[in-house]
Amino acid sequence: MATVYLNGEYLPAEQAKVSVFDRGFLFGDGVYEVIPVYQGHCFELEGHLARLQRSLDGVRINNPLTDVEWSEMIQTLIDRNGGGDQAVYLQVTRGVAPRDHLFPANATPSVFVMSNPMQPIPDAFKAQGIKCITLPDIRWQRCDIKAITLLANSLLKQQAHEQGAQEALLIKDGHLTEGAASNAYIVKNGVIYTPEKNAEVLPGITRDVVLRLAEQAGIELHQQMITEAELHDADEIWISSSTREMLPVTLLDDHPVGNGQPGPVWQRLITLYQHLKQEQNLG
Ligand code: PDD
């Protein structure tokens with residue numbers, strides 16, 4: 001049985017219980033992070049803790065732990081769950097209080113953390129690419145906050161799944177925002193484009209890594225608006241997330257992307273990404 005962390009205690013998962021009055025349960029009032037773990041070590045932990053702070057500030061919840069306390073607790077949980085490749089999920093809610101839309105005067109934030117074995121990325125996704133569909137972006141106007149309130153994302157992802165696709169690429173006012181659970185990129189004539197960071201897009205930690213790697217490799221990259229027409233005319237499309245790394249999209253709305261194979265720019269970046277994972281584990 002997996003060990004989880006709940007409000008200061010390490011517990012067997014089945015013993016972890018929260019109140020029905022928790023505002024996470026009643027209002028979806030909380031924020032979260034998903035952190036990949038390779039060979040027992042967190043990947044890009046600093047970036048995830050910085051984004052957690054940003055999300056907490058965005059919804060005005062005090063951070064209940066220091067970065068050192070987060071790091072130590074997360075590492076303890078990873079170790080107790082046997083190391084290896086895991087995905088840490090953590091969430092902080094505003095806490096337990098009588099139901100009222102207004103913030104409670106003095107609730108204590110609830111902290112829940114679990115770490116599960118990383119779901120392997122199917123080889124076929126890398127070898128042949130994935131299928132995506134475009135869908136209208138029906139989410140709220142603060143998608144830069146990593147809120148636990150994921151009903152819209154869940155509906156979009158489910159719709160993609162029911163159409164045999166692995167991800168939905170979201171369109172708002174004629175331009176690409178991101179995937180239902182990933183950031184998105186296109187390549188045209190060897191240049192990478194990704195939507196700029198704004199309130200329509202989650203500031204992805206994997207996206208930061210992709211930007212860094214592209215710069216180190218001297219590959220031109222622009223953060224700018226991508227129209228729906230540009231998306232459909234791209235040579236390559238990729239998505240990125242902490243749990244799916246970088247995946248090439250080879251079929252979009254039932255049309256092949258470029259020549260229908262994972263492209264050379266993705267190939268180069270995913271190779272650098274794998275090197276970085278190794279380096280962080282050694283370092
Ligand atoms: N989601 N955009 C959205 C809407 C996401 O949900 C995610 C990740 C990303 C990529 O961010 P990052 O590179 O920091 O993982 C972008 C996680 C994995 C999830 O909800 O499970």
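As the structure is a computational prediction, the values presented were derived from the model and not from experiment. Counting starts at 1 for both ligands and their atoms, following the listed order.
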Are Val4 and Val113 packed together at the side-chain level, in the sense that at least one heavy-atom pair is separated by less than 4.5 angstrom?
no
Give me the residue, atom name and distance of the protein heavy atom closest to atom 21 (O) of ligand 1.
Val34 CG2, 3.6 Å
Heavy atom of Arg244 under 4.0 Å from ligand 1?
no
Looking only at heavy atoms of Arg139, does any of them come nearer than 4.0 Å to an atom of ligand 1?
yes
Taking 4.0 angstrom as the limit and counting only heavy atoms of Ser242, give me the atoms of ligand 1 inside it, by number and element.
12 (P), 13 (O), 14 (O), 15 (O)
closest protein heavy atom to atom 6 (O) of ligand 1 is Ala181 CA, 3.4 Å
Which residue and atom name correspond to the protein heavy atom nearest atom 2 (N) of ligand 1, and how close is it?
Glu178 OE1, 2.7 Å
Quick one: does Ala180 get within less than 4.0 Å of ligand 1, heavy atoms only?
yes
Regarding Arg94 and Asp22, does a basic nitrogen lie under 4.0 Å from an acidic carboxylate oxygen?
no
At a non-hydrogen distance cut-off of under 4.0 Å, which region of Asn183 contacts ligand 1 (side chain, backbone, both, or neither)?
both
Basic-acidic side-chain contact under 4.0 Å: Lys172, Asp137:
no
Has the side chain of Trp238 got a donor or acceptor atom that lies under 3.5 Å from a matching backbone atom of Ile186?
no
For Phe25, look at atom CZ and say whether over 12 heavy atoms of other residues, nucleotides or ligands are found less than 6.0 Å away.
no
Logged contact type for Ser240 with ligand 1, heavy-atom cut-off 4.0 Å, is backbone
Using a 4.0 Å cutoff against the non-hydrogen atoms of Ser241, which atoms of ligand 1 qualify?
10 (C), 13 (O), 15 (O)
Establish, yes or no, whether a centroid distance under 6.0 Å links the rings of His101 and Phe27.
yes
Tell me the nearest of His48, Arg207, Lys146 to atom 1 (N) of ligand 1, using heavy-atom distances.
Lys146
Side chains of Glu178 and Thr194: does their closest heavy-atom pair fall under 4.5 Å?
no
Pick out which of His41, Lys277, His48 makes a side chain to side chain contact (heavy atoms under 4.5 Å, CB included) with Pro36.
His48
If you measure every N/O of Thr206 against every N/O of ligand 1, is any gap under 3.5 Å?
yes
Does an N or O from Gly204, backbone or side chain, lie closer than 3.5 Å to an N or O of ligand 1?
no
Tell me whether Glu33 reaches ligand 1 (any heavy atom closer than 4.0 angstrom to a ligand atom).
no
Between Pro109 and Asn7, which heavy-atom pair has the shortest distance, and what is it?
O-OD1, 4.1 Å
Just jot down the ligand 1 atoms closer than 4.0 angstrom to any heavy atom of Ser182, in number order.
2 (N), 3 (C), 5 (C), 7 (C), 9 (C), 16 (C)
With atoms numbered from 1 as shown, which atoms in ligand 1 lie under 4.0 angstrom from a non-hydrogen atom of Arg51?
11 (O), 12 (P), 14 (O)
Taking 4.0 angstrom as the limit, do Arg51 and Glu33 come out as a salt bridge?
yes
Sub-6.0 Å ring centroid separation between Tyr89 and Tyr32
yes
Show me which atoms of ligand 1 lie under 4.0 Å from any heavy atom of Thr243.
18 (C)
Consider ligand 1: state whether an atom of it lies below 4.0 angstrom from any non-hydrogen atom of Tyr32.
yes
